[in-house]
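Reading through the structure tokens given below for one structure.
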Protein chains: 2
Amino acid sequence: MKMSDRKKKILQIVVDEYINTAVPVSSKSITEKHLTDVSSATVRNELASLEELGYLTQFHTSGGRVPSPQAYRFYIEELMERNDLSESDLDYIERAFNDKSRDVEHLIKSVSEVISELTDYTSVAITPHADKETIRSINLLPCGEGTALLVIMTSERILRDSFIELPENMTDDELSGASKMISQIFAGKGLAEVRDAEEEIVAEFGQYRQVMREVIEALKTYSRPREEDVVLTGADKIFNHPEYEDIENVKNFLTVISSKDKLADIIEGENDEIQINVKIGSSGDKDVPDDCSVVTATYSAGGKNLGTYGVIGPIRMDYPKVISVLENVGKALEELASGKKKDKKDSKNEQKDR
Amino acid sequence: MKMSDRKKKILQIVVDEYINTAVPVSSKSITEKHLTDVSSATVRNELASLEELGYLTQFHTSGGRVPSPQAYRFYIEELMERNDLSESDLDYIERAFNDKSRDVEHLIKSVSEVISELTDYTSVAITPHADKETIRSINLLPCGEGTALLVIMTSERILRDSFIELPENMTDDELSGASKMISQIFAGKGLAEVRDAEEEIVAEFGQYRQVMREVIEALKTYSRPREEDVVLTGADKIFNHPEYEDIENVKNFLTVISSKDKLADIIEGENDEIQINVKIGSSGDKDVPDDCSVVTATYSAGGKNLGTYGVIGPIRMDYPKVISVLENVGKALEELASGKKKDKKDSKNEQKDR
DNA sequence: CATTAGCACTTGAAGGTTGAGAGTGCTAAC
DNA sequence: GTTAGCACTCTCAACCTTCAAGTGCTAATG
């Protein structure tokens with residue numbers, strides 16, 4: 001059955017209304033507030049039909065109707081009206097990113113905060129996956145007791161959280177020599193590439209074979225997002241939404257967000273080329289709770305991936321608002337990145353508008 | 001009024017029982033399970049007296065009695081019986097710390113996990129405060145686009161999360177020069193000392209004044225614990241305890257733990273010399289929720305501070321278990337630290353037993 | 001043939017009643 | 001000082017009733 005325009009209109013009203021009020025919507029309320037030119041009986045017929053099509057559900061026969069996940073998807077695809085952010089919201093974004101963006105790790109935190117604050121949902125962010133980046137240089141800094149700090153500069157950022165064990169009696173000078181040598185060999189190679197080619201590389205390496213092996217070992221820890229790469233902000237925001245008066249929902253939610261591993265899986269989706277990605281309920285096979293939606297966006301500026309950001313919250317989410325915020329934050333980041341580069345080096349990035 | 005031995009005994013029974021069952025305890029249950037040689041009426045008299053003394057409270061006249069915060073304090077001071085950990089728990093601790101303790105940041109995570117797992121409460125940990133440490137060396141690594149990574153080696157560990165902005169056109173060689181110079185001047189000084197002496201130091205510094213200023217600026221961020229220094233594990237564990245069936249309690253709890261700042265304040269107490277520290281309810285003026293207890297321990301080995309660890313949970317906490325776990329984890333850490341040092345350098349740390 | 005008025009029907013939420021069960025406080029006896 | 005016994009209080013669950021909301025259906029209407 002084809003959806004008539006009126007059906008669409010009614011579905012849109014239901015979703016809008018339910019998002020705003022969290023109360024199942026009745027035929028009467030529709031005719032009173034939005035569709036004053038038909039009677040509630042007519043709307044009832046349409047509602048019954050929409051229910052048959054799988055867009056609406058009722059908890060019990062006298063309780064009004066609630067959109068199904070399918071309805072939300074349709075709503076986002078075709079029905080939703082973008083509403084612009086308020087002046088104050090735009091201001092807030094403007095002021096939030098002045099010069100904090102020194103590196104991805106810091107940036108990610110403030111962006112995540114902004115998103116959570118403006119949307120009133122819990123925000124999750126994850127740094128871009130290091131695997132695809134190429135190594136620019138490798139530094140080994142002595143730090144006493146036979147260990148060294150490994151600092152890897154990649155094309156995109158700095159990785160600095162690994163320690164390696166040194167052979168006995170290695171002097172600082174030898175370490176510095178090894179550091180330079182390794183750096184030269186790895187420069188220009190991809191992180192994943194080095195990890196996988198392991199044996200050959202170590203073999204052709206003489207004196208510093210052990211150090212080399214340790215370095216490669218350390219590189220392996222970057223194949224998965226680390227805990228530090230996943231940022232969570234505003235977990236307590238869920239209590240602003242009535243679905244979380246129910247302890248079971250809170251339990252679900254908290255269980256998911258207390259594992260950074262799970263979080264990483266959830267928001268690190270296939271959203272490489274897609275700008276904004278919406279997962280509703282258990283749509284995917286991932287371990288998103290049935291009653292949650294996740295909206296994510298991957299930002300990049302000047303070819304540089306700036307991470308994936310998103311919100312996680314109830315299915316009854318204010319999608320227009322969330323999507324607006326994500327879009328506007330994205331714009332602001334692009335401007336910041338390209339503007340900054342221009343200031344410093346006269347970059348050739350053209351402004352991207354959508 | 002002086003507490004008779006029997007009163008103490010009864011109070012102990014009440015606290016033990018309530019900790020285990022979470023159900024208000026009645027005079028009858030006491031005489032049935034523990035004090036079989038007196039009648040329930042006698043116990044009732046004692047209970048009434050204990051209530052008058054402020055150790056017990058009743059919700060309603062027929063609901064059995066519940067220990068007050070005061071009772072828990074007394075219990076911990078005088079009544080509690082330490083029970084040894086089970087073999088499997090000891091094993092678990094044993095296996096948990098093999099060679100993960102490469103540096104405090106990593107150590108803190110695994111220790112926190114162990115504590116949460118064994119106690120079944122949410123665990124919080126915080127790295128030692130950098131302020132008291134002395135600087136061993138300072139390294140500036142170039143990382144493109146006019147910025148440098150600042151790596152500070154202190155007496156205790158490595159701080160490596162700051163970036164500083166470089167003057168225009170500074171070459172890598174110049175940077176390396178500045179790095180060495182700054183390192184020499186700061187070596188041996190305390191972190192706080194350098195921060196506070198700011199102006200004098202900068203003044204007597206010539207060529208690299210701007211870099212210097214940036215370095216000091218960066219040092220300032222270590223005066224407070226950073227988000228990365230606070231680790232939270234097992235937040236979802238609270239649902240294993242019946243007090244958190246109540247949404248209000250969950251709300252309180254989640255609000256506190258979702259701010260790393262607040263968490264830091266809570267567990268970073270005055271427990272410098274005290275081994276184990278227990279805060280019950282709103283005993284202090286801190287922002288511990290009224291219905292929460294916090295038990296913390298600060299570990300050190302060989303004069304090296306290893307951080308503060310603890311659990312946060314309901315007032316009705318299994319103190320004997322928690323304290324045992326904290327003690328045993330502490331022992332294991334000491335052994336690990338001294339054992340390791342012995343392996344490597346034949347350290348002179350004598351084994352500390354208690 | 002789509003629309004509508006009208007009405008019976010279903011359901012949950014709120015409020016009240018009741019009885020059972022638990023636990024205490026008190027008193028009088030030992 | 002201890003205890004048996006009993007009246008009293010309070011909660012909890014079950015049950016009922018009433019009320020309001022909202023629907024589905026039917027028959028009338030243009």
Side-chain angles (χ1 to χ4, degrees), chain A residues 1-11 13-15 17-18 20-68 71 242-243 245-246, chain B residues 1-11 13-15 17-18 21-68 71 242-243 245-247:
Chain A
M1 192 204 288
K2 180 88 177 53
M3 277 257 257
S4 69
D5 278 357
R6 194 171 64 188
K7 275 204 181 58
K8 287 186 188 174
K9 174 80 182 163
I10 289 177
L11 184 56
I13 292 170
V14 172
V15 178
E17 193 71 9
Y18 188 60
N20 285 327
T21 63
V23 174
V25 330
S26 71
S27 56
K28 199 173 142 212
S29 74
I30 292 177
T31 52
E32 273 173 1
K33 297 189 213 161
H34 307 276
L35 264 190
T36 46
D37 53 339
V38 291
S39 84
S40 66
T42 312
V43 173
R44 268 205 292 287
N45 288 331
E46 296 283 47
L47 289 177
S49 160
L50 281 167
E51 183 167 356
E52 209 165 326
L53 289 169
Y55 289 105
L56 299 176
T57 52
Q58 294 179 283
F59 290 124
H60 34 265
T61 117
S62 73
R65 263 126 175 154
V66 162
S68 69
E243 19 276 282
E245 316 263 286
D246 181 353
Chain B
M1 192 200 294
K2 180 94 176 49
M3 276 257 258
S4 70
D5 278 357
R6 194 172 64 187
K7 275 205 182 56
K8 287 186 186 172
K9 174 80 181 163
I10 290 178
L11 184 55
I13 293 170
V14 172
V15 178
E17 192 72 9
Y18 188 61
T21 63
V23 174
V25 331
S26 70
S27 56
K28 201 174 141 213
S29 75
I30 292 178
T31 52
E32 273 174 359
K33 296 189 212 161
H34 307 276
L35 264 190
T36 45
D37 52 339
V38 292
S39 84
S40 64
T42 312
V43 173
R44 265 204 296 286
N45 289 331
E46 296 283 47
L47 289 178
S49 160
L50 282 167
E51 183 167 354
E52 210 165 323
L53 290 169
Y55 290 105
L56 299 177
T57 51
Q58 295 180 284
F59 289 123
H60 35 264
T61 116
S62 74
R65 263 126 174 152
V66 163
S68 69
E243 19 276 281
E245 316 261 289
D246 182 352
I247 195 90

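A note on names: the letters A, B, ... follow the listed sequences, proteins ahead of strands, and every chain is numbered from 1. Both backbone and side-chain heavy atoms feed into the values below; hydrogens, waters and symmetry mates do not.
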For this session: State whether the distance check finds a donor on one side and an acceptor on the other, under 3.5 Å, for side chain Ser39(B) versus base dT3(D).
Result: no
For this session: Have a look at Ser40(A) and say if it touches a base, only the backbone sugar-phosphate, or nothing, with a 4.0 Å heavy-atom cut-off.
Result: nothing
Problem set entry | Integer-rounded Å distance: dG22(D) C1' and Phe59(A) CZ | 15 Å
Exercise. Do you know the tightest heavy-atom contact between Gln58(B) and Glu51(B)?
Worked result: OE1-OE1, 3.4 Å
Exercise. Would a distance-only check, ignoring hydrogens and angles, find a side-chain to backbone donor-acceptor pair under 3.5 Å from Thr36(B) to Glu32(B)?
Worked result: no
For this session: Among dG24(D), dG22(D), dG23(C), find the nucleotide with the atom closest to the side chain of Glu51(A).
Result: dG24(D)
Seminar exercise, completed: When rounded to whole Å, the NE2 to C1' distance for the pair His60(A) and dG24(D) reads 16 Å
Exercise. Taking only side-chain nitrogens and oxygens of Ser62(B), does any of them come within less than 4.0 Å of OP1 or OP2 of dA22(C)?
Worked result: no
For this session: Please state how far atom CG in Leu56(A) lies from atom C1' in dG22(D), giving the value in whole angstrom units.
Result: 14 Å
Exercise. Ignoring hydrogens and geometry, is there a side-chain-to-backbone donor-acceptor pair from Ser29(A) to Val25(A) under 3.5 Å?
Worked result: no
Exercise. Taking only N and O in the side chain of Arg6(B), is any of them less than 4.0 Å away from OP1 or OP2 of dT2(D)?
Worked result: yes
For this session: Specify the separation, in whole Å, of atom CD of Glu52(B) and atom C1' of dT24(C).
Result: 15 Å
Problem set entry | Main-chain N/O of Tyr55(A) paired with Ser68(A) side-chain donor or acceptor, under 3.5 Å | yes
Seminar exercise, completed: DNA chain D nearest-nucleotide lookup for Glu46(B) and Gly63(A): closer to the 5′ end is Glu46(B)
Exercise. Taking only side-chain nitrogens and oxygens of Thr42(B), does any of them come within less than 4.0 Å of OP1 or OP2 of dT3(D)?
Worked result: yes
Problem set entry | Rounded interatomic separation in angstrom, taking CG from Asn45(A) and C1' from dA27(D) | 14 Å
Exercise. How many Å lie between CZ on Arg44(A) and P on dA5(C), as a whole number?
Worked result: 10 Å
Exercise. What residue pairs, at least two apart or across chains, pass ring pair (Phe, Tyr, Trp, His ring centres under 6.0 Å) with a residue in residues 21-51 of chain B?
Worked result: none
Exercise. Donor-acceptor pair under 3.5 Å: do we get one between Arg65(B)'s side chain and the base of dG25(C)?
Worked result: no
For this session: Round to a whole Å and report the spacing from NZ of Lys28(A) to P of dA5(C).
Result: 14 Å
Problem set entry | Distance, rounded to the nearest Å, where Gln58(A) contributes CD and dA21(D) contributes P | 17 Å
Problem set entry | Side chain of Ser26(A) (C-beta onward), nearest among dG22(D), dT4(C), dG25(C) | dG22(D)
